[in-house]
Amino acid sequence: MNELTLLQDLKARGLIAQMTSEEELENHLNESSVTLYCGFDPTADSLHIGSLVPLLTLKRFQQYGHKPLALVGGSTGLIGDPSFKAQERKLNDDETVASWVNKLKEQVSLFIDFDCGTHSAEVVNNLDWTRGLDVLTFLRDVGKHFSVNQMIAKESVKQRIDRDGDGISFTEFTYMILQSFDFQQLNKSHHCTLQIGGSDQWGNITGGTELTRRMNGNRAYGLTLPLVTKSDGTKFGKTETGTIWLSAAKTSPYAFYQFWLQVADADAYQFLKYFTFLSVVEIDQIEADDKERQGRPEGQGVLAREVTKLVHGEDGLVAAQRITAALFSGDLSDLSADDFEQLKQDGLPSSSLVLQGMSDKPLTSLLAEADMGNGKQIKDALQRNAVTVNGVAKGLEDNFKSAEVFAESEGIYNAYFLVKLGKKKHHLFYYSA
RNA sequence: GGUGAGGUUCCCGAGUGGCUAAAGGGAUCAGACUGUAAAUCUGACGCGCGAGCUUCGGUGGUUCGAAUCCACCCCUCACCA
């Protein structure tokens, strides 16, 4: 990585969507340690993998000696960013947003270094400088610098303005000004001269560079990262079962690991460039090797290992791999009772069985209650012999035989039942001692 | 404030009195094929093992019968003032 400049590396990874005056920015970054920021709005109690790209990019800047600021949007989160959103968003109340802000702060802190001298990272909250701001001051000092003509010309709000059926409220329209104000404030307080963000943020970022120039008389830069897309056109980071969150409480390390393992071939190498710190040369080598080889490629495996380690640490990765090995090797016989307990701890979905009333509860209900799907899906799977209990296929005729299927004597160590639905869904049922 | 257009099952979008749990597409899930890929084909897709139960912005009403008709209300958007 040392032979390339930062921008060259980012470019090679395909991580640059747009930037303000490339040449000047390149010089700026080479001349000195630059303070840069990226904002994360609290729209939930955890970030999801969509935020991983900017987060890791902050880290990349830091590795090159620059100082990253992670801005948590305590105030902007109250407003809602309209950029490229089809619809007006619901407002969350301020206590909720405040609690989310705290969670995001912790999460963001996992990725950047807070103790490395002059380029140590910092977390800032824009509520700190907007809370006390009164409307008139804001309108006179900040609002004056914005031309509504220019604002409505921005691509990011255009579809909302042109669109029949959905419009944009003044509140959301103002979002851009708030974000620009953030940049200007950070420029003043931290000498921050660069803002990075997703490509949907371009309009908001250039708003900030201009406001900084006008109010502070300083040159400021912007750089946007590409939107992560999948080759099949579906949305990245979301499965029908849910978003892939960074929080282990919301998406277990195991599920997280599986997500990356299941990435399509066509996306695996690009994702390695986006989401890992492996050099582009190494990644190209992996890709070339996979092309040579017959059968299953390595790319997804490397990706899953690297990203899981980044987000959940070595322990999270080990746990995820342990579960994966147990479930997909198909061989449960060499697992000890302790191993089963460990799998539960590691995040394999599990639930305890209650003997009482089991005889009149069909498998469909039992499995549905364990969140393995709804009744119809489970029935469908039973019909196709796609449900196995400890490796034994069950059919529709077993639907009313829950008590037999889950008889204690049938369980491994008289306690554990590993139920598999289809190829990939697993659930551990157990009798507590 | 006026005028017009709308609010259908996860999404898009048909549906104007019974044949409609509601066309079609997308997404999703399962099976075959595979590599825990992709593509393709098959099935499921409001809830329920089932009898059956609950839906079409809300509330009332007309009717043997309403997503479809009527009244009022709520919400969204556009244009005008």
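As rounded to the nearest Å, B:A44 and B:C53 have P atoms that lie 23 Å from one another. Taking the P atoms as reference points, B:G58 lies 15 Å from B:C11, given to the whole Å. When the C1' atom is used for both B:C41 and B:C33, the distance is 9 Å, rounded to whole Å. With P as the reference atom, B:U63 and B:G52 are 28 Å apart, rounded to whole Å. Comparing the P positions of B:C10 and B:C47 gives a spacing of 9 Å, expressed to the nearest Å. Rounded to whole Å, the C1' atom of B:G61 lies 23 Å from the corresponding atom of B:G15. When the C1' atom is used for both B:A67 and B:A23, the distance is 14 Å, rounded to whole Å. B:G50 and B:G35 are spaced 40 Å apart, taking the C1' atom of each and rounding to whole Å.
When distances are taken from the side chain of A:Ala264 to each of B:A37, B:G35, B:A30, the shortest belongs to B:A37. The side chain of A:Lys425 lies closest to B:C29, out of B:C49, B:C29, B:G35. Closest contact between the side chain of A:Thr364 and the listed nucleotides B:A37, B:U36, B:C49 involves B:C49.
Straight-line distance from the NZ atom of A:Lys424 to the C1' atom of B:U34: 11 Å, rounded to whole Å. Look at NZ on A:Lys376: it is 15 Å from C1' on B:U28, rounded to the nearest Å. Whole-Å rounding puts the A:Asp267 CG to B:A38 C1' distance at 10 Å. What separates CZ of A:Phe400 from P of B:G50 is a distance of 8 Å, to the nearest Å. Atom CD in A:Glu172 sits roughly 14 Å away from atom C1' in B:U76 (whole-Å rounding).
Nucleic acid contact for A:Gln377: sugar-phosphate only, since backbone atoms but no base atoms lie under 4.0 Å from a heavy atom of the residue. A:Leu421 comes within 4.0 angstrom of the backbone, heavy atoms only, and of no base. Counting any heavy atom pair closer than 4.0 Å across all strands shown, A:Lys379 reaches sugar-phosphate atoms only and no base atom. In this structure, A:Thr324 reaches the bases: a heavy-atom distance under 4.0 Å links it to at least one base atom across the strands shown. When heavy atoms are screened at a 4.0 angstrom cut-off, A:Gln258 is found touching base atoms of the nucleic acid. When heavy atoms are screened at a 4.0 angstrom cut-off, A:Gly375 is found touching the sugar-phosphate backbone but no base atom. At a threshold of 4.0 angstrom between heavy atoms, the contacts of A:Asp380 include nucleobase atoms, whether or not backbone atoms are also involved.
Along RNA chain B, the nucleotide nearest A:Gly422 and the nucleotide nearest A:Val263 are compared for position; the residue whose nucleotide lies closer to the 5' end is A:Gly422.
Within the shown strands, nothing qualifies as a pairing partner of B:G48 under the Watson-Crick or G-U definition with both distances less than 3.5 Å. B:G43 is paired with B:C29 under the criterion used here, namely a Watson-Crick or G-U wobble arrangement in which both key atom distances are under 3.5 Å. Across the strands present, B:G1 finds its partner in B:C80; the criterion is a Watson-Crick or G-U wobble pair with both atom distances under 3.5 angstrom. B:A71: Watson-Crick or G-U partner is B:U59, with both key distances under 3.5 Å.
Salt bridge status for A:Glu106 with A:Lys103: absent, with no side-chain N to carboxylate O gap under 4.0 Å. Between A:Asp380 and A:Arg384, at least one side-chain N (NZ, or NE/NH1/NH2) sits under 4.0 Å from a carboxylate O, which counts as a salt bridge. For A:Arg322 and A:Asp339, the salt-bridge test fails: no basic side-chain N is under 4.0 Å from an acidic carboxylate O.
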Show me the donor-acceptor pairs, under 3.5 Å and distance only, between side chains in residues 176-185 of chain A and residues at least two apart or in other chains.
residue	atom	partner	partner atom	Å
A:Gln179	OE1	A:Asn204	ND2	3.3
A:Gln179	NE2	A:Gln195	OE1	2.9
A:Gln179	NE2	A:Gln201	OE1	3.1
A:Ser180	OG	A:Met176	O	2.8
A:Ser180	OG	A:Gly208	N	3.3
A:Asp182	OD1	A:Trp129	NE1	2.9
A:Asp182	OD2	A:Asn126	ND2	2.9

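The closest side-chain donor-acceptor pair between A:Asp9 and A:Tyr64, if any, does not fall under 3.5 angstrom. A side-chain N or O of A:Thr130 and one of A:Ser75 form a donor-acceptor pair less than 3.5 Å apart. With no hydrogens or angles considered, a side-chain donor-acceptor pair links A:Asp289 and A:Gln285 at under 3.5 Å.
One finds a side-chain N or O of A:Asn374 lying less than 4.0 angstrom from the OP1 or OP2 phosphate oxygen of B:C47. Within the structure, a side-chain polar atom (N or O) of A:Arg296 is placed less than 4.0 Å from OP1 or OP2 of B:U36.
A stacking contact links A:Phe328 to B:U36: the aromatic ring centre lies within less than 5.5 Å of the base's six-membered ring centre, and the planes differ by less than 30°.
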